[in-house]
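Counting starts at 1 for both ligands and their atoms, following the listed order.
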Amino acid sequence: MKEKLLALKEEAFALIENASDKKGLQDVKVKYLGKKGPITEVLRGMGKLSKDERPVIGALANEIRQAIELVIEQKQTKLQEELIQAQLESETIDVTLPGKSIKTGNAHPLTSIIEEIEDLFIGLGFSIAEGPEVEQDYYNFEALNLPKDHPARDMQDSFYITNEILLRTHTSPVQVRTMKKHQGKGPVKIICPGKVYRRDTDDATHSHQFMQIEGLYVDKKVRLSDLKGILTVFAKKMFGEDRDIRLRPSFFPFTEPSVEMDISCFKCGGHGCSVCKHTGWIEILGSGMVHPNVLEMAGFDSTVYSGFAFGMGPERIAMLKYGIDDIRHFYTDDVRFLEQFKRA
Ligand code: FA5
Ligand code: MG
């Protein structure tokens, strides 16, 4: 009897050792410790044993039973640990693998240039003003000293919606709207970025829809030298410290005198090259002293107040700054072009 029990124990231990999962262990448990199992059977047959043998065999059977239970439990813990270990190993992250790059967008080059110009002028005490793109003839032309049938209207070929309403051809109407809001009291110190529209034929330097940034400074005793000073700061900041500027006489009906501003060529430094058409200078904006008629129509006393205004094309500025050879790149949404303007 004793040998039989010990043999059962060895058998069970071997099976437990070889069990590879929870189910295998459960089978061993049922087989050896279950109601119909051999140990239970031994315990049941105790009656047939002698009085001396009974306690010995009984104790041994219980001992073996407990030993099997214990070994099953230990094996179960071990299997569990192995499972967790395997799981951890399979989920290991190799930190030396190259990462997946996340595609990020970037600001449109025009947006960046406009924000750069805005920041610059905000730093000089200007604030930002806006006006409608669908504009009244009055603000776009008349109040800018361009009465109906004035020949200078031909300078800006327009998209009319009705006789009195058009797509604005420049950002100058925002000057008028802002001055009117100030009701004859200075200072007015604004820049107005926005879209404008003209019936220009699209080519490398012209678009039928483009951006402008208007500037206006009206106060007592504003002079042409103030305009020159501000524009010099602007040019050096945008194009580099060693840029020179030049003001050239020009004509706009809403400014008197009118000047166009050139900067010394960023490519050749003013010696003459293909970019500046061998003149050493590149035109970037129109400007001048606000015409007394414009001040008066907007409610300002032109004997007390004076001002300067300018209007620049940010596409042209971006083209000069980044060496872009065709204005249409800004509007054809080619990602290969746009991706070159990621900001650091
Ligand atoms: C004007 O529009 C005036 N309103 C500027 C001004 C404002 C003068 C205040 C005086 C006082 P002009 O038509 O030259 O001026 O246009 C100004 C700038 O807009 C040009 O220097 C150029 O940079 C840009 N521009 C003009 N037409 C186009 C076009 N078709 N496509 C792209 N940019 C253009
Ligand atoms: Mg011009």
Should the proximity of Q175 to ligand 1, defined as any heavy atom under 4.0 Å, be assigned to the side chain, the backbone, both, or neither?
side chain
Does the residue E315 have a heavy-atom contact with ligand 1, meaning some pair of atoms that are separated by less than 4.0 Å?
no
Counting heavy atoms only, name the option from G286, P314, G313, G288 that's nearest to atom 8 (C) of ligand 1.
G286
Just wondering, do S287 and T255 contact through their side chains at under 4.5 Å, heavy atoms?
no
Which one of M261, R198, M211, E260 has a non-hydrogen atom at the shortest distance from atom 1 (C) of ligand 1?
R198
Filter on salt bridge (charged side-chain N to carboxylate O under 4.0 Å, His left out), then keep only pairs touching residues 210-222, sequence neighbours left out; what's left?
none
Judged by non-hydrogen atoms, does F308 sit under 4.0 Å from ligand 1?
no
Closest non-hydrogen atoms of I190 and V174, given as atom of the first, atom of the second and distance, are CD1-O, 4.5 Å
Would you tell me which option among S250, S207, S287 has the nearest heavy-atom contact to atom 31 (N) of ligand 1?
S207
Proximity to ligand 1 by part of F310, non-hydrogen separation under 4.0 Å:
backbone
Of the listed options (Y197, F330, F252, F210), which comes nearest to atom 26 (C) of ligand 1 when hydrogens are ignored and any heavy atom counts?
F210
Within-cut-off N or O pair, E214 and ligand 1, under 3.5 Å:
no
Minimum heavy-atom distance between I16 and K75, given as atom pair plus value:
O-CE, 3.4 Å
Check each heavy atom of H170 against ligand 1 and say whether those closer than 4.0 Å belong to the side chain, the backbone, both or neither.
side chain
Test your reading of the model: is there a side-chain donor-acceptor pair from R198 to the backbone of T169, 3.5 Å cut-off?
yes
At the 4.0 Å heavy-atom cut-off, does V290 count as touching ligand 1?
no
Please could you name the atoms of ligand 1 that Q156 approaches to less than 4.0 Å, counting only its heavy atoms?
1 (C), 2 (O)
Salt bridge flag under 4.0 Å for residues K237 and D119
no
Location of contacts on T171 toward ligand 1, heavy atoms closer than 4.0 Å
neither
Does NZ or CZ of R168 come closer than 6.0 Å to the centre of the six-membered ring of Y139, within 45° of the ring's axis?
no
If you link ILVMFWY side chains whenever their heavy atoms are less than 4.5 Å apart, which other residues fall into the same cluster as L70? By chain and number, please.
none
